[in-house]
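The block underneath contains the structure these notes are about, expressed in structure tokens.
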Amino acid sequence: MVAKQHTKPDPHAFTVCYVRRSAHHRWLCCDITFSCPNQGLRQQWIQAISENLALLSHRPRCLLVYINPHGGRHLAKWIYDRKVAPLFCRAGISTDVIITERANHARDHLRAQHGDLKKYDGVVCVGGDGMVNEILHGLVSRTQTDHRVDQNQPDAHLVPCSLRIGIIPAGSTDCICYTTMGTNDPVTSALHIIVGDSQPMDVCSVHNNNTFLKYSVSLLGYGFYGDVLTDSEKKRWMGPLRYDLAGVKTFLSHNYYEGSIWFVPAQETQGQPRDQEQCLAGCHVCQQGSYSEKKKLKHLSEDEKFIKGSGSEWCVVRGKFLAVNAATVSCACPRSPRGLSPSAHLADGTADLILVRKCSRFGFFRHLLRHTNADDQFDHPFVEVHRVRRFLFQPKNQEVSDSTEDLSDSEMEKRVKTNAFRPICHASDDITAQSNWTCDGEILPHAAIQAAVSVMNSTTNARQKERQREK
Ligand SMILES: CCCCCCCCCCCCC/C=C/[C@@H](O)[C@H](COP(=O)(O)O)NC(=O)CCCCC
Ligand SMILES: Nc1ncnc2c1ncn2[C@@H]1O[C@H](COP(=O)(O)OP(=O)(O)O)[C@@H](O)[C@H]1O
Ligand SMILES: [Ca+2]
């Protein structure tokens, strides 16, 4: 990692810090000390190692760190100070640290930055998924505003951010960290950041009536998870335990919700939700996905991109559901080490849409239990899973007219694009109970949503370019 001067006991020795892989995707920081016959040779070694390290332009030198002191078990500051800051210091990384004082502090701070972010190589989030989501919003919004992209347009082509986000897990679920890194160990995260690792991610943009609501990078869940999160919000003081309590309560209430889900299946990807492939760094499905998508879209106008980008026919599923989940990534976390959709990909431009129809409590319990072991959670007659590029959910009392089933695909696309789905409420209709969506653990107080997935890759930023030129 870095070469450092060794003072005692051997004046001609120097120590190199390096990364060693350990079990369960963990990384450790180790030291090795070399002894030199004389001071001159020692200086030559230190200089050579330092010069070579300086050539690695993808390694960060300056980071902006946000710490949410109230995330998870309220240990974020302690984790950063004790486990992360000393490693950044050893790696010669300078930091500006902001301890958040309220929700959305980090998002608003990032949105308000103009040229000031240029000095940073990345933003580090010390917190849980809600905090990662907040920082993602700050950066993505900042970038879209700078490029005059209207985020309220569901078909807007998002401009990639120039800064990467590093995640130090200090929240309740830490699913985004666990899914991308394979562990929720703060030291492993810090070492990935230090060596300059990066991973593109799928981002799902969520709209309602041509109004931008949120981006999601882990779980968009309606019904069971929406209800768990709504209930657990009142119990934030309990920390991660709030999810267990709210989970049991929601499970016992066994609520189901009626509605229609329209979706565009991702037919051109190489993977399938039940192919038992696991997405890892350098995944061939993600590489093929982003390559074919770019090639396909290259010659199209912006308007055509939205329509063709979806690539296929709309399908509809109607019914009574205990849960409607869109997993943009596997959503692996310590509670569920393989995740909600174990074969979902990190950056293939798709989400796995999991529909759990109304079933018995026992059936639903067996389905949930399979998230915690190696059994297939989709192997139930009441569960279906589709790999999709976009989808639309209409709760029962806002259902799309049946006549849309006779529409051609292009007419359907046009209606989605112009948001021509108006709630169809009949005076005689009972207003069916509605759930909320949970978006990376935060509540969206909307039932009817449109969602579309796109791959978010960070571009090379100004500082990296400068360093590449220096080489
Ligand atoms: C009978 C045993 C049942 C066990 C069921 C276990 C199923 C667990 C699936 C967990 C999926 C989690 C998806 C991740 C979502 C996170 O983005 C979100 C926010 O995280 P954070 O900000 O770090 O708190 N967390 C959740 O939605 C928690 C869901 C917990 C449900 C029990
Ligand atoms: N200083 C703060 N006080 C209160 N809420 C905050 C603060 N900083 C961030 N938040 C909000 O707390 C929410 C949860 O944070 P997170 O770090 O994800 O913890 P957890 O994993 O426990 O939910 C996020 O939505 C974030 O916007
Ligand atoms: Ca995906």
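Indexing begins at 1, ligand by ligand and atom by atom, following the structure's order.
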State yes or no: are the ring centers of [X] and [Y] separated by less than 6.0 Å?
| X | Y | result |
| --- | --- | --- |
| H446 | W437 | no |
| Y225 | Y222 | no |
| F251 | F224 | no |
| Y66 | H109 | yes |

Side chains of [X] and [Y] in contact at under 4.5 Å (non-hydrogen atoms):
| X | Y | value |
| --- | --- | --- |
| T95 | C62 | no |
| I261 | L353 | yes |
| R370 | F378 | no |
| T180 | L346 | yes |
| F321 | V317 | yes |
| M181 | S189 | yes |
| V65 | Y80 | yes |
| W262 | W314 | yes |

In terms of residue, atom name and distance, what is the protein heavy atom nearest to [atom]?
| atom | value |
| --- | --- |
| atom 8 (C) of ligand 1 | S336 CB, 3.9 Å |
| atom 3 (N) of ligand 2 | H70 CD2, 3.2 Å |
| atom 18 (O) of ligand 2 | G130 N, 2.9 Å |
| atom 7 (C) of ligand 2 | N68 OD1, 3.3 Å |
| atom 9 (C) of ligand 1 | Y225 OH, 3.6 Å |
| atom 1 (N) of ligand 2 | T100 O, 3.0 Å |
| atom 11 (C) of ligand 1 | L340 CG, 3.9 Å |
| atom 21 (O) of ligand 2 | S172 N, 2.7 Å |
| atom 2 (C) of ligand 1 | L369 CD1, 4.2 Å |
| atom 18 (C) of ligand 1 | G441 CA, 3.7 Å |
| atom 3 (C) of ligand 1 | L368 CB, 3.9 Å |
| atom 5 (N) of ligand 2 | A103 N, 3.6 Å |

**Q.** Stepwise side-chain hydrogen bond (donor to acceptor under 3.5 Å, both in side chains) test for Q151 and Y215
**A.** CA-CA 10 Å; Q151 292 176 91; Y215 295 114; 2.6 Å; yes
Have a look at ligand 2 and work out which part of [X], if any, has a heavy atom under 4.0 Å from it: side chain, backbone, both or neither.
| X | result |
| --- | --- |
| D129 | backbone |
| R107 | neither |
| R242 | side chain |
| E442 | side chain |

Q) What angle sits at the Ca ion (ligand 3) between O of T350 and OD1 of D348, to 10°? A)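 Rounding to the nearest 10 degrees gives 90°.
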(Q) Just to confirm my numbers, could you give the angle made at the Ca ion (ligand 3) by O of T328 and OD2 of D202, rounded to 10°? (A)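 That angle works out to 110° after rounding to 10°.
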Q) Purely on distance, is any nitrogen or oxygen of G127 under 3.5 Å from one on ligand 2? A)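 No.
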**Q.** M131-ligand 2 polar pair, N/O distance under 3.5 Å
**A.**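 So ligand 2 has an N or O lying under 3.5 Å from an N or O of M131.
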(Q) Below 30° counts as parallel, above 60° as perpendicular, anything between as tilted: where do the rings of H380 and F382 land? (A)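 H380 and F382: parallel rings.
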(Q) Using 30° and 60° as the class boundaries, would you call the ring planes of F212 and H207 parallel, tilted or perpendicular? (A)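 Geometry flag for H207 against F212: perpendicular rings.
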Which of the atoms of ligand 1 are close to [X], meaning less than 4.0 Å from one of its heavy atoms?
| X | answer |
| --- | --- |
| C175 | 14 (C) |
| G130 | 22 (O) |
| D174 | 23 (O) |

Q: Answer yes or no: are there more than 12 heavy-atom neighbours, outside R361 itself, under 6.0 Å from its atom CZ?
A: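 Buried by this count: over 12 neighbours within 6.0 Å.
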Q. More than 12 non-hydrogen atoms from neighbouring residues, nucleotides or ligands closer than 6.0 Å to NZ on K235, yes or no?
A.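 More than 12 within 6.0 Å, yes.
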Q: Could you check R338, R366, H367 and say which one makes a side chain to side chain donor-acceptor pair (under 3.5 Å) with Q377?
A: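 Exactly one pass, corresponding to R338.
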Any heavy atom of [X] closer to ligand 1 than 4.0 angstrom?
| X | result |
| --- | --- |
| G247 | no |
| D440 | yes |
| F365 | yes |

Q. Backbone, side chain, both or neither: what part of S172 comes under 4.0 angstrom of ligand 1, heavy atoms only?
A.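 The answer is both.
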Q) Which single N/O/S atom of H345 lies at minimum distance from the Ca ion (ligand 3)? A)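 Answer by atom name: O.
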Using a strict cut-off of 4.0 Å, indicate which atoms of ligand 2 neighbour a heavy atom of [X].
| X | answer |
| --- | --- |
| G128 | 16 (P), 17 (O), 18 (O), 21 (O) |
| E134 | 9 (C), 26 (C), 27 (O) |
| G71 | 17 (O), 19 (O), 22 (O) |
| G171 | 21 (O) |
| G72 | 19 (O), 20 (P), 22 (O) |

Looking only at N/O atoms, are [X] and ligand 1 under 3.5 Å apart anywhere?
| X | value |
| --- | --- |
| D129 | yes |
| T173 | yes |
| Y243 | yes |
| S218 | yes |

Q. Given G72, A327, G127, C333, which one has a non-hydrogen atom that is nearest to atom 12 (C) of ligand 1?
A.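 Minimum heavy-atom distance to atom 12 (C) of ligand 1 goes to C333.
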**Q.** Minimum non-hydrogen distance to atom 6 (C) of ligand 1, winning option of L229, T250, T372, D244
**A.**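 Selected option, by shortest heavy-atom distance: T372.
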Q) Looking only at side chains, do D202 and T328 share a donor and an acceptor under 3.5 Å apart? A)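 No pair is found: no donor N or O on one side chain lies under 3.5 Å from an acceptor on the other.
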Which atom of [X] lies closest to which atom of [Y], heavy atoms considered:
| X | Y | result |
| --- | --- | --- |
| E313 | P265 | O-CD, 3.1 Å |
| I354 | L340 | CD1-O, 3.6 Å |
| I79 | P169 | CD1-O, 4.0 Å |

